[in-house]
Each structure stands twice: as structure tokens, then as C-alpha cells.
Amino acid sequence: MRSRAQEVVVETPGSQSSLHRANLERVVRAVRLAGSLTQAEIARTTGLSAATVSNIVRELKNGGTVEVTPTSAGGRRARSVSLSGDAGIVIGVDFGHTHLRVAVGNLAHQVLAEESEPLDVDASSAQGFDRAEELVNRLIGATGVDRAKIAGVGLGVPGPIDVESGTLGSTAILPGWSGTRPAEELRGRLGVPVHVDNDANLGALGELVWGSGRGVRDLAYIKVASGVGAGLVINGKIYRGPGGTAGEIGHITLDESGPVCRCGNRGCLETFAAARYVLPLLQSSHGTDLTMESVVRMARDGDPGCRRVIADVGRHIGSGVANLCNLLNPSRVVLGGDLAEAGELVLGPIRESVGRYAIPSAGRQLSVLPGALGGRAEVLGALALALSEMGDSTLLDGTAPSATPAFT
Ligand SMILES: [Zn+2]
């Protein structure tokens with residue numbers, strides 16, 4: 001007896017049943033990426049008619065693929081559609097500069113468990129993967145989810161990933177990890193598909209799906225930590241470039257005769273904004289054990305030196321953002337990392353620089369917001385990556401492809 005999946009393969013392209021199957025996939029994909037959508041939103045996202053969406057949602061609900069709950073949209077009664085919570089599991093793993101964070105979520109975008117632990121930056125990559133494997137297994141045990149339901153893992157690393165080979169490029173942050181293939185390593189340990197990306201791209205995805213970027217199609221997520229990076233979302237998708245290097249906003253030249261940057265150039269944005277260059281400015285007046293977090297805290301408490309430094313950082317980031325506006329015209333910029341906690345102390349100067357340096361038509365519709373997810377942005381972005389990369393065939397194999405008439 002042939003399985004249903006085989007039946008789909010042998011269908012004639014363009015037949016009513018293959019068209020119907022394609023429509024089912026479009027609806028499931030839209031809901032999978034967004035978490036939950038009203039039927040009107042599904043129609044807008046997929047381009048299908050309201051009647052087709054209504055019929056497909058009924059079919060998917062009967063097959064147990066989606067759940068439908070009453071909600072209100074703009075004061076009107078509506079039906080919110082999400083994938084069934086027990087349809088599958090995704091896992092996010094985020095290696096940060098000083099931490100390891102893991103989250104377990106379901107296909108309805110609910111986070112079932114999340115845990116973070118300190119990670120020694122000098123640890124070898126093998127130790128790091130051992131710890132990640134342990135933490136993933138512990139959370140799977142704690143939530144009692146069925147391992148067979150794991151659809152995929154999203155993995156974040158704080159360095160550039162070569163798109164073709166999946167190799168982690170040279171990084172001053174995790175020197176012991178240079179040349180490793182993180183996705184391959186974790187796939188070997190967990191036995192499930194693993195997709196990898198850098199921390200700025202995952203921060204962008206996290207904020208896009210769960211945070212300050214919800215509802216936006218064009219967004220830049222700026223992360224200021226020991227370096228300055230950006231994750232770029234263009235027309236709803238992360239833009240990586242052919243080599244995976246897109247978004248290196250930290251190396252925009254602001255001053256040709258400025259300080260020498262770790263990249264070898266002079267006066268990059270990073271040399272005016274990243275912690276390693278900014279914290280020394282305060283060391284003679286505020287001591288040597290400063291972190292970006294403590295400087296932000298003192299600035300919020302009114303310390304004039306810290307306020308000045310934070311405002312200058314904002315002004316310089318704003319110059320970089322203005323360049324980004326002129327090139328890509330995003331509708332939103334989300335500031336992540338510890339610096340975002342400074343709120344208006346840094347966002348005000350960013351907006352001021354954008355107003356000054358971006359051409360008016362490029363900066364006019366821009367909103368600059370702090371990230372809503374704080375230190376969780378990357379691990380939630382890793383969940384979003386796993387959700388976006390998984391296929392829908394297993395989800396739809398329970399839905400008869402040809403037993404119902406096609407709706408167009
Ligand atoms: Zn540089």
C-alpha cells in the first residue's frame with residue numbers, strides 16, 4: 001500500500017488535488033511562521049480568498065493540524081488559528097559571550113521551558129557542545145516532550161558563519177571555536193536537523209516574531225556588545241548575503257583618521273560604540289571594573305559622565321543607522337543588547353543623528369525602538385529559525401490530500 005506522501009509525489013502538477021495541497025501548505029506555512037493569525041490575516045498573507053481560507057482551516061482543524069480559538073481583531077469577533085501545540089517541538093540553543101541559553105518550544109510558538117547558565121568563554125568548543133547537549137536533554141526531560149516530535153534545532157553563535165561550509169569564521173570572542181562546524185557538531189549529538197546563524201541575525205528574528213518587530217517586514221536589529229552587529233530583515237526574511245557577512249554595520253567608516261579597529265581599518269563605528277572602546281573612556285574617573293550594564297545603570301541614575309558617553313554612543317550608532325536608512329529604508333530599527341536598557345538616553349541621540357544624516361524620505365517612516373526581549377532575543381530567534389526551516393510534509397501527512405475537493 002502506498003503512503004499518502006507517495007500519493008502526493010505522483011500527482012500531476014496543476015491537478016485540483018495538487019493545487020489543494022499547495023494551498024494547505026501555504027496556510028500552514030503562514031501560521032507556522034507567525035505563531036497565530038486570524039483567518040483574515042491568513043487570507044492577506046497567502047493571497048487566498050476568505051472562503052478558501054475558511055475551508056482549509058476547517059479541514060486542518062479536523063485533521064488535528066491547527067487549533068482555532070475565538071479572539072477579537074479591531075473590536076470584531078475573529079478566529080485565531082495556530083498550529084496544534086502537540087504537533088511538534090523546536091529547540092533553540094544560544095551560545096553567547098558569557099552564557100549558554102536553551103529554550104524548548106512548540107509549533108504554536110509557546111515556550112515550554114527555558115534555562116540559561118554561565119559559559120566560560122575560554123572553554124573549548126567540545127566542552128561548550130557537551131554543556132549544550134546536557135542542557136537540551138535536561139529540558140526535554142523536564143518538559144516530558146516526546147523526542148520523536150523534535151522538528152529541528154536553531155543554533156546561535158557569536159561570530160560569522162560561512163553560509164556555504166557552515167564553518168565558524170575567525171572570532172576574537174570564542175577563539176577556541178574558530179574553524180568548527182557548529183550545526184554539524186550538534187546534529188551529530190542530538191540526531192535532529194540543526195540550523196545555525198549568528199547572534200545578530202537571531203536577535204533580529206526573535207524581535208521580528210516575538211518582540212518589537214512584530215508586524216514589520218523591513219527591520220534592522222542592532223546589537224551593541226563587545227562588537228557592533230546588525231541583523232537585517234528585508235521583506236520578512238533575514239538577508240545574509242552570499243558569504244553570510246551582511247549586516248556588518250560596526251565597520252562603517254565614521255572617521256578616516258580615527259582609532260584603528262580590530263578589522264584593520266580606522267575609525268569604524270565599532271571604535272566609537274563597542275564596549276571594548278567605550279568603557280576605557282570612563283576608567284580614569286569611574287574605575288576599571290566597568291561593564292556596559294553598569295555604565296547604563298549609572299547613566300540612568302543620573303551620572304553625568306556615563307550619560308555623556310551613552311549619548312555619544314547613540315549619536316554614532318545613529319550615523320550608522322542613517323547610512324542603513326539611505327541604503328535599505330527599513331521601517332523599524334530595534335536596539336538590542338545591554339545598551340537598550342538605557343532607553344531614551346541612547347534612543348534620543350540615535351533618532352537625532354538619523355534626522356540629521358539620513359535623507360528625509362528614508363528616515364521619515366523609521367521608528368527606533370528598544371528590543372522587547374532583552375537577553376532572550378537570540379534564543380527565541382533560534383526557535384524562530386528552527387520554525388522557519390522545518391518543512392510541513394509531516395504536519396500535512398495526516399490531512400488527506402485528495403479526499404476533499406480543491407478550493408481556489
Ligand atoms: Zn572595523
Side-chain angles (χ1 to χ4, degrees), residues 3 5 25 28-29 31-33 35 64-65 82-96 99-117 119 125-158 161-168 177 180-199 201-202 205-206 209-210 238 240 244 376 378-398:
S3 73
E25 285 180 0
V28 167
R29 182 180 153 76
V31 174
R32 172 162 59 78
L33 295 181
T65 307
S82 58
L83 292 183
S84 295
D86 60 0
I89 293 296
V90 281
I91 293 170
V93 176
D94 169 40
F95 285 111
H99 70 266
L100 164 69
R101 196 185 281 260
V102 172
V104 175
N106 63 19
L107 303 193
H109 288 212
Q110 289 161 332
V111 177
L112 306 175
E114 187 178 338
E115 215 173 296
S116 165
E117 51 182 58
L119 179 76
S125 60
Q127 273 176 292
F129 288 116
D130 283 348
R131 296 269 301 279
E133 187 184 353
E134 270 170 42
L135 189 49
V136 167
N137 286 332
R138 190 159 81 236
L139 291 191
I140 289 174
T143 48
V145 298
D146 179 359
R147 285 192 85 99
K149 290 208 163 168
I150 299 174
V153 176
L155 169 61
V157 288
I161 284 283
D162 183 278
V163 168
E164 295 217 325
S165 68
T167 310
L168 189 60
W177 294 49
T180 58
R181 294 185 179 181
E184 221 172 276
E185 178 69 36
L186 203 56
R187 191 183 306 130
R189 288 163 179 266
L190 298 174
V192 290
V194 179
H195 308 279
V196 67
D197 211 333
N198 69 53
D199 53 351
N201 284 351
L202 291 187
L205 265 182
V209 175
W210 275 282
I238 288 283
R240 299 183 174 88
R376 303 174 68 211
E378 289 80 10
V379 81
L380 293 184
L383 284 182
L385 178 67
L387 281 161
S388 73
E389 295 291 330
M390 65 174 282
D392 294 316
S393 53
T394 48
L395 288 174
L396 287 171
D397 282 350

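Remember, predicted model here, so these are calculated numbers, not experimental data.
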Pairs meeting criterion salt bridge (charged side-chain N to carboxylate O under 4.0 Å, His left out) with involvement of residues 379-393, two or more places apart:
Arg32-Asp392
With Arg138 as partner, the option from Glu117, Glu133, Glu114 fulfilling salt bridge (Lys or Arg N to Asp or Glu O under 4.0 Å) is Glu117
Closest approach of Leu202 and Glu378, non-hydrogen atoms and distance?
CB-O, 3.7 Å
Under 4.5 Å between any side-chain heavy atoms of Val153 and Val93, yes or no?
yes
Check Gly381 against Leu205 and note the closest heavy-atom contact, atom names and distance.
O-CD1, 3.8 Å
Crowded around Arg131 CZ? As in, over 12 foreign heavy atoms under 6.0 Å?
yes
Under a 4.5 Å cut-off applied to non-hydrogen side-chain atoms, are Leu387 and His109 in contact?
yes
Is Ile238 close to Leu385 at the side-chain level, that is, under 4.5 Å between some pair of heavy atoms?
no
Among residues at least two apart in sequence or on other chains, which ones pass salt bridge (Lys or Arg N to Asp or Glu O under 4.0 Å) with Arg147?
none
In the structure I gave you, are the side-chain heavy atoms of Ile161 and Pro182 within less than 4.5 Å of one another anywhere?
yes
Might you point out which heavy atoms bring Ala386 and Ile91 nearest each other, and give the distance in Å?
CB-O, 4.2 Å
Minimum heavy-atom distance between Ala382 and Gly92, given as atom pair plus value
CB-CA, 3.7 Å
Can you check whether Val379 reaches Leu383 side chain to side chain, under 4.5 Å on heavy atoms?
no
Between Ser116 and His99 the two heavy atoms that sit nearest each other are OG-CB, 4.3 Å
Test side chain to side chain contact (heavy atoms under 4.5 Å, CB included), reference Val136, set Leu190, Val104, Val192, Ile150, output is Leu190
Ion pair present between Arg189 and Asp130, side-chain N to carboxylate O less than 4.0 angstrom?
yes
Could you pull out the closest heavy-atom pair between Phe95 and Pro158, with the gap in Å?
O-CD, 3.1 Å
I'd like to check Lys149 versus Asn106 (side-chain heavy atoms, cut-off strictly below 4.5 Å). Are they in contact?
no
